[in-house]
Amino acid sequence: MIMSRIQAAPDAAESNLTDRLLAGLPAEAVLTDADVTSSYANDMASFCPAGVPSVVVLPRTVEQVQHVMRIATELRVPVVPQGARTGLSGGANASDGCIVMSLTKMNRILEINPIDRIAIVEPGVVNAALSRAVNEHGLYYPPDPSSWEMCTIGGNIGTASGGLCCVKYGVTAEYVLGLDVVLADGRLMSTGRRTAKGVAGYDLTRLFVGSEGSLGIVVRAVLALKPQPPQQLVLAAEFASAAAACDAVCRIMAGGHVPSLLELMDRTTVKAVNELAHMGLPETTEALLLAAFDTPDPAADLAAVGALCEAAGATQVVPAEDAAESEMLLQARRLSLTALEAVKGTTMIDDVCVPRSRLGEMLEGIEQIADKYQLTIGVCAHAGDGNTHPTVCFDAQNPDESRRARESFDEIMALGLRLGGTITGEHGVGVLKKEWLAREIGPVGVEMQRAVKQVFDPLGILNPGKLF
(Lines give C-alpha, C1' and ligand atoms only; values in the text may rest on other atoms or scores of the structure.)
Protein backbone atom coordinates (compact mmCIF):
# COMPACT_ATOMS: atom_id res chain seq x y z
CA MET A 1 0.00 0.00 0.00
CA ILE A 2 2.83 2.38 0.90
CA MET A 3 4.63 1.65 -2.39
CA SER A 4 1.46 2.16 -4.39
CA ARG A 5 0.90 5.55 -2.79
CA ILE A 6 4.50 6.60 -3.49
CA GLN A 7 4.20 5.55 -7.12
CA ALA A 8 0.85 7.25 -7.51
CA ALA A 9 2.15 10.62 -6.38
CA PRO A 10 4.10 11.46 -9.57
CA ASP A 11 1.16 10.38 -11.71
CA ALA A 12 -1.17 12.60 -9.71
CA ALA A 13 1.24 15.51 -9.99
CA GLU A 14 1.51 15.05 -13.75
CA SER A 15 -2.25 14.88 -14.08
CA ASN A 16 -2.62 18.09 -12.10
CA LEU A 17 0.03 19.76 -14.26
CA THR A 18 -1.67 18.66 -17.46
CA ASP A 19 -5.08 19.79 -16.26
CA ARG A 20 -3.72 23.19 -15.29
CA LEU A 21 -2.01 23.62 -18.66
CA LEU A 22 -5.16 22.64 -20.52
CA ALA A 23 -7.01 25.44 -18.79
CA GLY A 24 -5.17 27.91 -21.02
CA LEU A 25 -4.09 25.82 -24.01
CA PRO A 26 -6.05 23.90 -26.65
CA ALA A 27 -5.89 20.11 -26.35
CA GLU A 28 -3.77 19.73 -29.49
CA ALA A 29 -1.11 21.96 -27.92
CA VAL A 30 -0.56 19.68 -24.92
CA LEU A 31 1.19 16.37 -25.64
CA THR A 32 1.39 13.69 -22.96
CA ASP A 33 1.81 10.42 -24.84
CA ALA A 34 5.21 9.06 -23.77
CA ASP A 35 6.10 7.86 -27.28
CA VAL A 36 5.50 11.39 -28.57
CA THR A 37 7.08 13.36 -25.73
CA SER A 38 10.23 11.21 -25.86
CA SER A 39 10.87 12.49 -29.38
CA TYR A 40 11.32 15.97 -27.87
CA ALA A 41 13.90 14.84 -25.31
CA ASN A 42 17.11 16.00 -26.98
CA ASP A 43 18.83 17.98 -29.70
CA MET A 44 21.55 16.70 -32.05
CA ALA A 45 24.48 16.65 -29.62
CA SER A 46 26.28 13.47 -28.56
CA PHE A 47 27.29 12.65 -24.97
CA CYS A 48 24.60 14.90 -23.51
CA PRO A 49 22.20 13.29 -21.03
CA ALA A 50 18.50 14.01 -21.49
CA GLY A 51 15.65 13.51 -19.06
CA VAL A 52 12.05 12.43 -19.54
CA PRO A 53 9.61 15.34 -19.91
CA SER A 54 6.24 15.22 -18.21
CA VAL A 55 4.54 17.09 -21.00
CA VAL A 56 5.27 18.93 -24.26
CA VAL A 57 3.42 22.14 -25.02
CA LEU A 58 3.22 23.88 -28.39
CA PRO A 59 1.94 27.41 -27.78
CA ARG A 60 0.87 29.63 -30.66
CA THR A 61 0.47 32.95 -28.81
CA VAL A 62 2.33 35.08 -26.30
CA GLU A 63 -0.57 34.67 -23.88
CA GLN A 64 -0.26 30.90 -24.04
CA VAL A 65 3.45 31.12 -23.24
CA GLN A 66 2.65 33.34 -20.28
CA HIS A 67 0.04 30.85 -19.08
CA VAL A 68 2.57 28.00 -19.19
CA MET A 69 5.16 29.98 -17.25
CA ARG A 70 2.66 31.03 -14.58
CA ILE A 71 1.68 27.40 -14.03
CA ALA A 72 5.33 26.29 -14.03
CA THR A 73 6.20 28.92 -11.42
CA GLU A 74 3.24 28.04 -9.23
CA LEU A 75 3.98 24.30 -9.36
CA ARG A 76 7.78 24.69 -9.39
CA VAL A 77 8.09 22.70 -12.62
CA PRO A 78 11.16 23.23 -14.86
CA VAL A 79 10.60 24.48 -18.40
CA VAL A 80 12.90 23.67 -21.33
CA PRO A 81 12.32 25.90 -24.38
CA GLN A 82 13.01 24.38 -27.78
CA GLY A 83 13.18 25.40 -31.41
CA ALA A 84 13.94 22.89 -34.16
CA ARG A 85 16.38 20.95 -31.92
CA THR A 86 19.22 21.27 -34.42
CA GLY A 87 21.56 22.43 -31.65
CA LEU A 88 24.89 20.73 -31.05
CA SER A 89 25.52 21.24 -27.33
CA GLY A 90 22.53 19.67 -25.55
CA GLY A 91 21.09 23.10 -24.75
CA ALA A 92 17.56 21.96 -25.68
CA ASN A 93 17.69 18.62 -23.86
CA ALA A 94 14.80 17.85 -21.53
CA SER A 95 15.19 17.39 -17.78
CA ASP A 96 13.19 14.82 -15.84
CA GLY A 97 9.64 15.92 -15.14
CA CYS A 98 9.94 19.15 -17.12
CA ILE A 99 7.60 20.96 -19.43
CA VAL A 100 9.18 21.03 -22.87
CA MET A 101 7.99 24.20 -24.60
CA SER A 102 8.34 23.82 -28.35
CA LEU A 103 8.02 27.22 -30.01
CA THR A 104 7.87 25.94 -33.58
CA LYS A 105 4.15 26.82 -33.93
CA MET A 106 4.91 30.51 -33.30
CA ASN A 107 6.17 30.86 -36.84
CA ARG A 108 4.76 34.11 -38.20
CA ILE A 109 6.72 36.87 -39.86
CA LEU A 110 4.84 39.82 -38.40
CA GLU A 111 6.43 42.67 -40.32
CA ILE A 112 9.06 43.43 -42.95
CA ASN A 113 9.84 47.13 -43.18
CA PRO A 114 12.13 48.18 -46.07
CA ILE A 115 12.39 51.78 -44.81
CA ASP A 116 13.42 50.91 -41.26
CA ARG A 117 15.22 47.82 -42.56
CA ILE A 118 13.81 45.55 -39.90
CA ALA A 119 11.80 42.36 -39.65
CA ILE A 120 9.64 41.47 -36.67
CA VAL A 121 9.24 37.73 -36.24
CA GLU A 122 8.08 35.05 -33.87
CA PRO A 123 10.67 32.57 -32.56
CA GLY A 124 9.52 29.60 -34.64
CA VAL A 125 10.25 31.23 -38.00
CA VAL A 126 12.78 29.13 -39.91
CA ASN A 127 15.95 31.01 -40.82
CA ALA A 128 15.76 30.18 -44.54
CA ALA A 129 12.08 31.20 -44.70
CA LEU A 130 12.92 34.61 -43.27
CA SER A 131 15.86 35.01 -45.64
CA ARG A 132 13.69 34.29 -48.67
CA ALA A 133 10.88 36.53 -47.46
CA VAL A 134 13.12 39.57 -46.98
CA ASN A 135 14.86 38.90 -50.32
CA GLU A 136 11.53 39.63 -52.00
CA HIS A 137 11.80 43.17 -50.59
CA GLY A 138 15.39 43.62 -51.78
CA LEU A 139 16.68 43.01 -48.25
CA TYR A 140 19.07 40.55 -46.66
CA TYR A 141 19.21 38.77 -43.29
CA PRO A 142 22.86 37.63 -43.11
CA PRO A 143 23.12 35.03 -40.29
CA ASP A 144 23.07 31.66 -42.07
CA PRO A 145 23.91 28.59 -39.96
CA SER A 146 24.57 25.42 -41.93
CA SER A 147 21.18 24.16 -40.67
CA TRP A 148 19.43 27.28 -42.01
CA GLU A 149 16.77 25.26 -43.81
CA MET A 150 15.64 23.78 -40.46
CA CYS A 151 16.80 25.96 -37.56
CA THR A 152 14.58 28.67 -36.11
CA ILE A 153 15.24 32.29 -35.29
CA GLY A 154 14.45 31.62 -31.64
CA GLY A 155 17.06 28.87 -31.53
CA ASN A 156 19.55 31.12 -33.34
CA ILE A 157 19.00 33.80 -30.71
CA GLY A 158 19.25 31.31 -27.86
CA THR A 159 22.66 30.07 -28.98
CA ALA A 160 23.90 33.31 -30.58
CA SER A 161 24.54 31.28 -33.72
CA GLY A 162 26.75 32.26 -36.60
CA GLY A 163 27.16 30.85 -40.08
CA LEU A 164 29.18 30.97 -43.25
CA CYS A 165 28.96 34.73 -43.81
CA CYS A 166 30.18 35.86 -40.37
CA VAL A 167 33.56 36.91 -41.68
CA LYS A 168 31.91 39.90 -43.37
CA TYR A 169 28.49 40.31 -41.78
CA GLY A 170 28.87 39.11 -38.20
CA VAL A 171 26.76 36.82 -36.01
CA THR A 172 23.14 36.74 -34.84
CA ALA A 173 23.76 39.06 -31.88
CA GLU A 174 24.59 41.91 -34.25
CA TYR A 175 21.15 41.70 -35.88
CA VAL A 176 18.89 41.47 -32.83
CA LEU A 177 17.65 44.98 -32.06
CA GLY A 178 14.86 44.16 -29.63
CA LEU A 179 13.04 41.28 -27.98
CA ASP A 180 9.77 40.46 -26.28
CA VAL A 181 10.52 37.98 -23.52
CA VAL A 182 8.22 36.07 -21.19
CA LEU A 183 9.95 35.86 -17.82
CA ALA A 184 9.93 32.89 -15.48
CA ASP A 185 6.90 34.20 -13.56
CA GLY A 186 4.89 34.88 -16.72
CA ARG A 187 5.44 38.62 -16.98
CA LEU A 188 6.13 40.04 -20.45
CA MET A 189 9.15 42.29 -20.89
CA SER A 190 10.27 44.22 -23.98
CA THR A 191 13.93 45.04 -24.53
CA GLY A 192 15.80 47.10 -27.07
CA ARG A 193 14.28 49.06 -29.92
CA ARG A 194 13.21 49.12 -33.55
CA THR A 195 15.16 52.30 -34.28
CA ALA A 196 18.50 52.46 -36.07
CA LYS A 197 20.22 53.35 -32.81
CA GLY A 198 19.41 53.64 -29.13
CA VAL A 199 21.30 53.45 -25.84
CA ALA A 200 18.59 53.65 -23.17
CA GLY A 201 19.67 51.70 -20.09
CA TYR A 202 21.46 48.39 -19.86
CA ASP A 203 21.59 46.37 -23.06
CA LEU A 204 19.31 43.57 -21.92
CA THR A 205 18.74 42.48 -25.51
CA ARG A 206 22.35 41.36 -25.80
CA LEU A 207 22.05 39.63 -22.43
CA PHE A 208 19.29 37.35 -23.74
CA VAL A 209 21.12 36.54 -26.98
CA GLY A 210 23.12 33.40 -26.23
CA SER A 211 21.42 32.75 -22.88
CA GLU A 212 20.05 29.40 -24.14
CA GLY A 213 16.58 29.93 -22.69
CA SER A 214 17.92 30.19 -19.16
CA LEU A 215 16.70 33.75 -18.50
CA GLY A 216 13.35 33.93 -20.30
CA ILE A 217 11.34 32.76 -23.30
CA VAL A 218 11.82 34.88 -26.43
CA VAL A 219 8.42 35.30 -28.09
CA ARG A 220 9.16 38.08 -30.58
CA ALA A 221 12.28 39.58 -32.13
CA VAL A 222 13.08 42.79 -33.97
CA LEU A 223 15.84 41.98 -36.45
CA ALA A 224 18.04 44.32 -38.43
CA LEU A 225 18.25 43.82 -42.18
CA LYS A 226 20.69 44.92 -44.84
CA PRO A 227 20.22 45.78 -48.51
CA GLN A 228 20.50 42.64 -50.59
CA PRO A 229 24.07 42.42 -51.93
CA PRO A 230 24.99 41.37 -55.46
CA GLN A 231 25.14 37.65 -56.22
CA GLN A 232 28.37 36.29 -54.78
CA LEU A 233 30.96 34.35 -56.72
CA VAL A 234 33.12 31.66 -55.12
CA LEU A 235 36.71 30.58 -55.62
CA ALA A 236 38.11 27.17 -54.68
CA ALA A 237 41.81 26.81 -53.89
CA GLU A 238 43.60 23.50 -53.27
CA PHE A 239 46.57 23.23 -50.94
CA ALA A 240 49.16 20.55 -50.24
CA SER A 241 48.92 21.23 -46.50
CA ALA A 242 46.52 22.74 -44.01
CA ALA A 243 49.32 25.05 -42.91
CA ALA A 244 49.55 26.55 -46.40
CA ALA A 245 45.77 27.07 -46.51
CA CYS A 246 45.89 28.85 -43.14
CA ASP A 247 48.76 31.00 -44.41
CA ALA A 248 46.53 32.02 -47.31
CA VAL A 249 43.78 32.98 -44.85
CA CYS A 250 46.21 35.22 -42.98
CA ARG A 251 47.41 36.83 -46.21
CA ILE A 252 43.84 37.53 -47.33
CA MET A 253 42.83 39.15 -44.06
CA ALA A 254 46.08 41.09 -43.66
CA GLY A 255 45.63 42.37 -47.22
CA GLY A 256 42.45 44.19 -46.23
CA HIS A 257 40.12 42.00 -48.26
CA VAL A 258 36.55 41.53 -47.01
CA PRO A 259 35.24 38.26 -48.41
CA SER A 260 31.61 37.37 -47.83
CA LEU A 261 32.76 33.87 -47.02
CA LEU A 262 36.10 32.22 -46.29
CA GLU A 263 35.73 28.53 -45.49
CA LEU A 264 38.14 25.62 -45.12
CA MET A 265 37.58 21.88 -45.54
CA ASP A 266 40.32 19.39 -44.76
CA ARG A 267 41.06 16.21 -46.71
CA THR A 268 38.86 14.04 -44.46
CA THR A 269 35.89 16.36 -44.91
CA VAL A 270 36.30 16.63 -48.68
CA LYS A 271 36.39 12.84 -48.99
CA ALA A 272 33.30 12.45 -46.80
CA VAL A 273 31.32 14.97 -48.87
CA ASN A 274 32.27 13.21 -52.08
CA GLU A 275 31.20 9.83 -50.68
CA LEU A 276 27.87 11.23 -49.54
CA ALA A 277 26.93 13.45 -52.48
CA HIS A 278 29.32 12.49 -55.33
CA MET A 279 30.22 16.13 -55.92
CA GLY A 280 33.57 15.52 -57.55
CA LEU A 281 35.61 17.62 -55.15
CA PRO A 282 39.40 17.15 -55.46
CA GLU A 283 40.36 14.39 -53.00
CA THR A 284 44.07 14.80 -53.69
CA THR A 285 44.09 18.07 -51.77
CA GLU A 286 45.06 18.30 -48.09
CA ALA A 287 42.91 21.40 -47.62
CA LEU A 288 40.30 23.12 -49.76
CA LEU A 289 39.73 26.84 -49.22
CA LEU A 290 36.55 28.51 -50.44
CA ALA A 291 36.48 32.30 -50.75
CA ALA A 292 33.52 34.37 -51.93
CA PHE A 293 32.80 38.01 -52.69
CA ASP A 294 29.45 39.73 -53.11
CA THR A 295 30.94 43.00 -54.29
CA PRO A 296 30.03 44.89 -57.50
CA ASP A 297 33.05 43.30 -59.21
CA PRO A 298 33.55 39.91 -57.53
CA ALA A 299 35.73 38.57 -60.35
CA ALA A 300 38.39 41.19 -59.64
CA ASP A 301 38.31 40.45 -55.92
CA LEU A 302 38.58 36.72 -56.56
CA ALA A 303 41.55 37.29 -58.84
CA ALA A 304 43.35 39.23 -56.10
CA VAL A 305 42.60 36.56 -53.52
CA GLY A 306 43.56 33.83 -55.96
CA ALA A 307 46.99 35.44 -56.35
CA LEU A 308 47.41 35.45 -52.56
CA CYS A 309 46.46 31.77 -52.42
CA GLU A 310 49.06 30.97 -55.07
CA ALA A 311 51.66 32.95 -53.13
CA ALA A 312 50.83 30.83 -50.08
CA GLY A 313 51.40 27.64 -52.08
CA ALA A 314 48.03 26.74 -53.58
CA THR A 315 48.40 23.91 -56.08
CA GLN A 316 45.31 24.96 -58.00
CA VAL A 317 42.98 27.96 -57.91
CA VAL A 318 39.62 27.69 -59.68
CA PRO A 319 37.13 30.58 -59.61
CA ALA A 320 33.49 29.68 -60.21
CA GLU A 321 32.21 30.77 -63.59
CA ASP A 322 28.69 31.61 -62.47
CA ALA A 323 26.20 31.61 -59.59
CA ALA A 324 25.22 27.98 -60.16
CA GLU A 325 28.79 26.76 -59.83
CA SER A 326 29.25 28.96 -56.77
CA GLU A 327 26.15 27.48 -55.14
CA MET A 328 27.45 23.96 -55.79
CA LEU A 329 30.63 24.75 -53.87
CA LEU A 330 28.65 26.27 -51.00
CA GLN A 331 26.37 23.25 -50.90
CA ALA A 332 29.44 21.05 -50.53
CA ARG A 333 30.50 23.07 -47.51
CA ARG A 334 27.01 22.96 -45.97
CA LEU A 335 27.00 19.17 -46.34
CA SER A 336 30.23 18.79 -44.39
CA LEU A 337 28.80 17.91 -40.98
CA THR A 338 26.18 15.56 -42.43
CA ALA A 339 28.84 13.84 -44.51
CA LEU A 340 31.18 13.38 -41.56
CA GLU A 341 28.36 11.84 -39.53
CA ALA A 342 28.05 9.15 -42.20
CA VAL A 343 31.70 8.12 -41.74
CA LYS A 344 31.10 6.20 -38.51
CA GLY A 345 27.48 6.86 -37.65
CA THR A 346 28.08 9.24 -34.74
CA THR A 347 29.96 12.50 -34.36
CA MET A 348 31.01 14.95 -31.71
CA ILE A 349 31.19 18.38 -33.30
CA ASP A 350 33.50 20.86 -31.64
CA ASP A 351 33.15 24.62 -32.01
CA VAL A 352 36.45 26.09 -30.93
CA CYS A 353 37.24 29.59 -32.17
CA VAL A 354 40.84 30.85 -32.14
CA PRO A 355 42.52 34.03 -33.34
CA ARG A 356 42.97 33.81 -37.09
CA SER A 357 46.72 34.08 -36.62
CA ARG A 358 46.67 30.79 -34.63
CA LEU A 359 44.46 28.84 -37.03
CA GLY A 360 47.36 26.86 -38.48
CA GLU A 361 48.49 25.78 -35.01
CA MET A 362 44.94 24.73 -34.20
CA LEU A 363 44.67 22.47 -37.25
CA GLU A 364 48.12 21.00 -36.65
CA GLY A 365 47.18 20.24 -33.05
CA ILE A 366 43.91 18.58 -34.09
CA GLU A 367 45.81 16.30 -36.45
CA GLN A 368 48.11 15.28 -33.61
CA ILE A 369 45.11 14.59 -31.35
CA ALA A 370 43.53 12.41 -34.06
CA ASP A 371 46.76 10.39 -34.30
CA LYS A 372 47.03 10.10 -30.51
CA TYR A 373 43.52 8.70 -30.11
CA GLN A 374 43.49 6.75 -33.39
CA LEU A 375 40.30 8.45 -34.52
CA THR A 376 38.98 10.08 -37.68
CA ILE A 377 38.61 13.81 -37.01
CA GLY A 378 37.49 15.91 -39.95
CA VAL A 379 37.77 19.68 -39.83
CA CYS A 380 35.62 22.25 -41.55
CA ALA A 381 36.06 25.83 -40.48
CA HIS A 382 34.80 29.35 -40.87
CA ALA A 383 38.42 30.15 -41.53
CA GLY A 384 37.87 33.86 -41.96
CA ASP A 385 36.92 34.25 -38.31
CA GLY A 386 38.99 31.41 -36.86
CA ASN A 387 35.95 29.29 -35.95
CA THR A 388 36.82 25.62 -36.37
CA HIS A 389 34.48 22.64 -36.29
CA PRO A 390 36.68 19.61 -35.57
CA THR A 391 34.30 16.68 -35.94
CA VAL A 392 35.18 13.46 -34.14
CA CYS A 393 33.76 10.44 -35.99
CA PHE A 394 33.21 7.30 -33.93
CA ASP A 395 31.10 4.18 -33.40
CA ALA A 396 28.79 4.85 -30.47
CA GLN A 397 28.35 1.09 -29.98
CA ASN A 398 32.06 0.69 -29.24
CA PRO A 399 32.70 1.72 -25.60
CA ASP A 400 36.44 2.16 -26.06
CA GLU A 401 36.01 4.24 -29.19
CA SER A 402 33.36 6.35 -27.45
CA ARG A 403 35.73 6.97 -24.54
CA ARG A 404 38.51 8.03 -26.90
CA ALA A 405 36.10 10.31 -28.76
CA ARG A 406 35.13 12.12 -25.57
CA GLU A 407 38.73 12.48 -24.44
CA SER A 408 39.83 13.80 -27.83
CA PHE A 409 36.94 16.29 -27.81
CA ASP A 410 38.08 17.65 -24.45
CA GLU A 411 41.68 17.82 -25.59
CA ILE A 412 40.64 19.88 -28.62
CA MET A 413 38.90 22.40 -26.35
CA ALA A 414 41.97 22.59 -24.12
CA LEU A 415 44.08 23.25 -27.21
CA GLY A 416 41.78 26.07 -28.26
CA LEU A 417 42.05 27.76 -24.88
CA ARG A 418 45.85 27.46 -24.90
CA LEU A 419 45.88 29.24 -28.26
CA GLY A 420 43.90 32.17 -26.85
CA GLY A 421 40.55 30.99 -28.17
CA THR A 422 37.09 30.21 -26.84
CA ILE A 423 35.26 26.91 -26.34
CA THR A 424 32.33 27.98 -28.49
CA GLY A 425 32.12 30.40 -31.38
CA GLU A 426 28.48 29.79 -32.27
CA HIS A 427 27.01 26.53 -30.93
CA GLY A 428 26.60 27.51 -27.30
CA VAL A 429 27.52 25.78 -24.04
CA GLY A 430 24.45 23.70 -23.20
CA VAL A 431 25.30 20.52 -21.34
CA LEU A 432 28.28 19.51 -23.42
CA LYS A 433 30.63 22.31 -22.40
CA LYS A 434 29.52 23.24 -18.88
CA GLU A 435 32.82 22.25 -17.34
CA TRP A 436 34.73 24.11 -20.01
CA LEU A 437 32.78 27.33 -19.59
CA ALA A 438 33.99 27.47 -15.99
CA ARG A 439 37.57 26.96 -17.16
CA GLU A 440 37.28 29.73 -19.72
CA ILE A 441 35.61 32.47 -17.67
CA GLY A 442 36.96 31.57 -14.23
CA PRO A 443 35.29 31.43 -10.79
CA VAL A 444 34.45 35.14 -10.63
CA GLY A 445 32.88 35.00 -14.08
CA VAL A 446 30.79 31.98 -13.08
CA GLU A 447 29.71 33.72 -9.86
CA MET A 448 28.52 36.81 -11.75
CA GLN A 449 26.68 34.75 -14.36
CA ARG A 450 24.92 32.76 -11.63
CA ALA A 451 23.91 36.05 -10.02
CA VAL A 452 22.35 37.25 -13.27
CA LYS A 453 20.47 33.96 -13.57
CA GLN A 454 19.16 34.38 -10.01
CA VAL A 455 17.70 37.81 -10.83
CA PHE A 456 15.71 36.57 -13.82
CA ASP A 457 14.93 33.06 -12.61
CA PRO A 458 15.00 32.93 -8.80
CA LEU A 459 13.37 29.48 -8.69
CA GLY A 460 15.79 28.04 -11.24
CA ILE A 461 13.03 26.59 -13.43
CA LEU A 462 14.23 27.90 -16.81
CA ASN A 463 16.30 25.30 -18.68
CA PRO A 464 18.00 23.98 -15.55
CA GLY A 465 21.34 22.20 -15.76
CA LYS A 466 22.58 24.19 -18.75
CA LEU A 467 25.58 26.56 -19.01
CA PHE A 468 26.90 26.09 -15.43
Quiz item: With a 4.5 Å limit on heavy-atom distance, are the side chains of Trp148 and Ser161 in contact?
Solution: no
Quiz item: Are any side-chain N or O atoms of Thr205 and backbone N or O atoms of Gly192, one a donor and one an acceptor, separated by less than 3.5 Å?
Solution: yes
Quiz item: What distance separates Leu337 CG from Leu88 CG, expressed to the nearest 0.5 Å?
Solution: 7.0 Å
Quiz item: Under the side chain to side chain contact (heavy atoms under 4.5 Å, CB included) criterion, do Leu375 and Lys344 qualify, and how do the steps go?
Solution: CA-CA 10 Å; Leu375 290 167; Lys344 282 273 191 163; over 6 Å; no
Quiz prompt | Ionic contact status for Glu74 with Arg20, cut-off 4.0 Å | solution = yes
Quiz item: Between the main-chain N or O of Gly163 and the side-chain N or O of Glu426, is there a donor-acceptor pair closer than 3.5 Å?
Solution: yes
Quiz item: Any sub-3.5 Å donor-acceptor pair from Glu341's side-chain atoms to Thr346's backbone N or O?
Solution: no
Practice problem: Would you kindly say whether Asp351 and Thr424 are connected by a side-chain donor-acceptor distance under 3.5 Å? | Solution: yes
Exercise. Calculate, to the nearest 0.5 Å, the distance between atoms SG and CG belonging to Cys353 and Leu419 respectively.
Key: 11.5 Å
Quiz item: Is Pro114 close to Leu139 at the side-chain level, that is, under 4.5 Å between some pair of heavy atoms?
Solution: yes
Quiz prompt | Inter-residue atom distance Asp385.CG - Cys165.SG, 0.5 Å rounding | solution = 9.5 Å
Quiz item: Is Arg85 reaching over with its side chain to a backbone N or O of Ser39, donor-acceptor style, under 3.5 angstrom?
Solution: yes
Exercise. Identify which one of Asp144, Thr172, Asn156 satisfies the side-chain hydrogen bond (donor to acceptor under 3.5 Å, both in side chains) criterion when paired with Asn127.
Key: Asn156
Quiz item: Which distance, rounded to the nearest 0.5 Å, do you find between the CE of Met348 and the SG of Cys393?
Solution: 12.0 Å
Quiz item: So, Glu401 and Arg406, do they make that salt bridge, N to O below 4.0 Å?
Solution: no
Quiz item: Quick check: are there more than 12 heavy atoms from other residues, nucleotides or ligands sitting under 6.0 Å from NZ of Lys434?
Solution: yes
Quiz prompt | Within 6.0 angstrom of Arg60 CZ, more than 12 heavy atoms from elsewhere | solution = no
Quiz item: Among side-chain atoms of Asp395 and Asn398, is any donor-acceptor pair under 3.5 angstrom?
Solution: no
Exercise. Verify, without hydrogens or angle tests, whether Thr73 (side chain) and Arg70 (backbone) share a donor-acceptor contact under 3.5 angstrom.
Key: no
Exercise. Report the C-alpha distance between Leu281 and Val273 in whole Å, list the side-chain angles of each, state the deciding distance to 0.1 Å, and finish with yes or no for side chain to side chain contact (heavy atoms under 4.5 Å, CB included).
Key: CA-CA 8 Å; Leu281 298 175; Val273 170; 3.9 Å; yes
Quiz item: Do Ser46 side-chain atoms and Thr347 backbone N/O form a donor-acceptor pair below 3.5 Å?
Solution: yes
Quiz prompt | Nearest heavy atoms of Ser102 and Gly83, plus distance in Å | solution = OG-O, 4.4 Å
Quiz item: Is it true that a side-chain atom of Lys453 and a backbone atom of Leu462 form a donor plus acceptor pair closer than 3.5 Å?
Solution: yes
Quiz item: Is the closest basic N to carboxylate O distance between Asp350 and Lys433 below 4.0 Å?
Solution: yes
Quiz item: Looking at Val455 and Pro458, what are the two nearest heavy atoms and their distance?
Solution: O-CD, 4.0 Å
Quiz item: Roughly how far, to the nearest 0.5 Å, is the CD1 atom of Ile112 from the NE2 atom of His137?
Solution: 4.0 Å
Exercise. List the steps and the verdict of side chain to side chain contact (heavy atoms under 4.5 Å, CB included) for Thr376 and Thr268.
Key: CA-CA 8 Å; Thr376 298; Thr268 300; 3.6 Å; yes
Practice problem: Please indicate whether Arg439 has more than 12 foreign heavy atoms, meaning atoms of other residues, nucleotides or ligands, lying under 6.0 Å from its CZ. | Solution: yes
Quiz item: Between Ser95 and Cys98, is there a donor-acceptor pair closer than 3.5 Å when you use the side chain of the first and the backbone of the second?
Solution: no
Quiz item: Roughly how far, to the nearest 0.5 Å, is OG1 of Thr191 from CG of Asp203?
Solution: 7.5 Å
Quiz item: Under a 4.5 Å cut-off applied to non-hydrogen side-chain atoms, are Leu31 and Val55 in contact?
Solution: no
Quiz item: Going by an N to O cut-off under 4.0 Å, is there a salt bridge joining Arg334 and Glu327?
Solution: yes
Quiz item: Does a side-chain N-to-carboxylate-O contact under 4.0 Å join Arg194 and Asp116?
Solution: yes
Exercise. For the residue pair Tyr169 and Glu174, confirm or rule out a side-chain donor-acceptor distance under 3.5 Å.
Key: no
Quiz item: Would the number of heavy atoms belonging to other residues, nucleotides or ligands and lying under 6.0 Å from CZ of Arg403 be above 12?
Solution: yes
Quiz item: Salt bridge between Arg132 and Glu136, side-chain N to carboxylate O under 4.0 Å?
Solution: no
Quiz item: Closest approach of Leu22 and Ala27, non-hydrogen atoms and distance?
Solution: CD2-CA, 3.8 Å
Quiz item: Side chains of Glu212 and Thr159: donor-acceptor distance under 3.5 Å anywhere?
Solution: no
Quiz item: For Ser408 and Ile369, which heavy atoms make the closest approach, and how far apart are they?
Solution: CB-CG2, 3.8 Å
Quiz prompt | Stepwise salt bridge (charged side-chain N to carboxylate O under 4.0 Å, His left out) check, Lys372 with Glu411 | solution = CA-CA 11 Å; Lys372 175 181 175 179; Glu411 199 159 318; 3.1 Å; yes
Quiz item: Would you say the side chain of Ser326 lies within less than 4.5 Å of the side chain of Gln231, judging by non-hydrogen atoms?
Solution: no
Exercise. Evaluate the side-chain proximity of Leu223 to Ile153: yes if any heavy-atom separation is below 4.5 Å, no if none is.
Key: yes
Quiz item: Taking the side chain as C-beta and beyond, is there a heavy-atom pair between Asp266 and Ile377 under 4.5 Å?
Solution: no
Practice problem: Begin with the C-alpha distance, continue with both residues' side-chain angles, and end with the deciding distance and a verdict on side chain to side chain contact (heavy atoms under 4.5 Å, CB included) for Asp457 and Ser214. | Solution: CA-CA 8 Å; Asp457 182 23; Ser214 66; over 6 Å; no
Quiz item: Got a sec, which pairs hit ring-ring contact (aromatic ring centres under 6.0 Å, His included) with one end in residues 436-468, sequence neighbours left out?
Solution: Phe208-Phe456
Exercise. Taking the six-membered ring of Phe394 (Phe, Tyr or Trp), confirm whether the NZ or CZ of Arg404 is under 6.0 Å from its centre and within 45° of its axis.
Key: no
Practice problem: Please examine the side chains of Val62 and Asp180, heavy atoms only from C-beta on, and report whether any two atoms are closer than 4.5 Å. | Solution: no
Quiz item: Under 3.5 Å, side chain of Asp43 to main-chain N/O of Gly91, donor-acceptor pair present?
Solution: yes
Exercise. Please work out which of the three classes, parallel, tilted or perpendicular, describes the rings of His382 and His389, given edges at 30° and 60°.
Key: perpendicular
Quiz item: Is there side-chain contact between Leu103 and Gln82, with at least one heavy-atom pair below 4.5 Å?
Solution: no
Quiz item: Do side-chain atoms of Thr422 reach the backbone of Gly425 as a donor and acceptor pair under 3.5 angstrom?
Solution: no
Exercise. Indicate the atoms forming the closest heavy-atom contact of Pro142 with Tyr175, along with that distance.
Key: CG-OH, 3.4 Å
Quiz item: Do Lys271 and Asn274 meet the criterion of a side-chain donor-acceptor pair at a distance under 3.5 Å?
Solution: no
Practice problem: State, without any angle test, whether Ser260 and Gln232 hold a side-chain donor-acceptor pair at a distance under 3.5 Å. | Solution: yes
Quiz item: Closest approach of Ala173 and Arg206, non-hydrogen atoms and distance?
Solution: O-NE, 3.4 Å
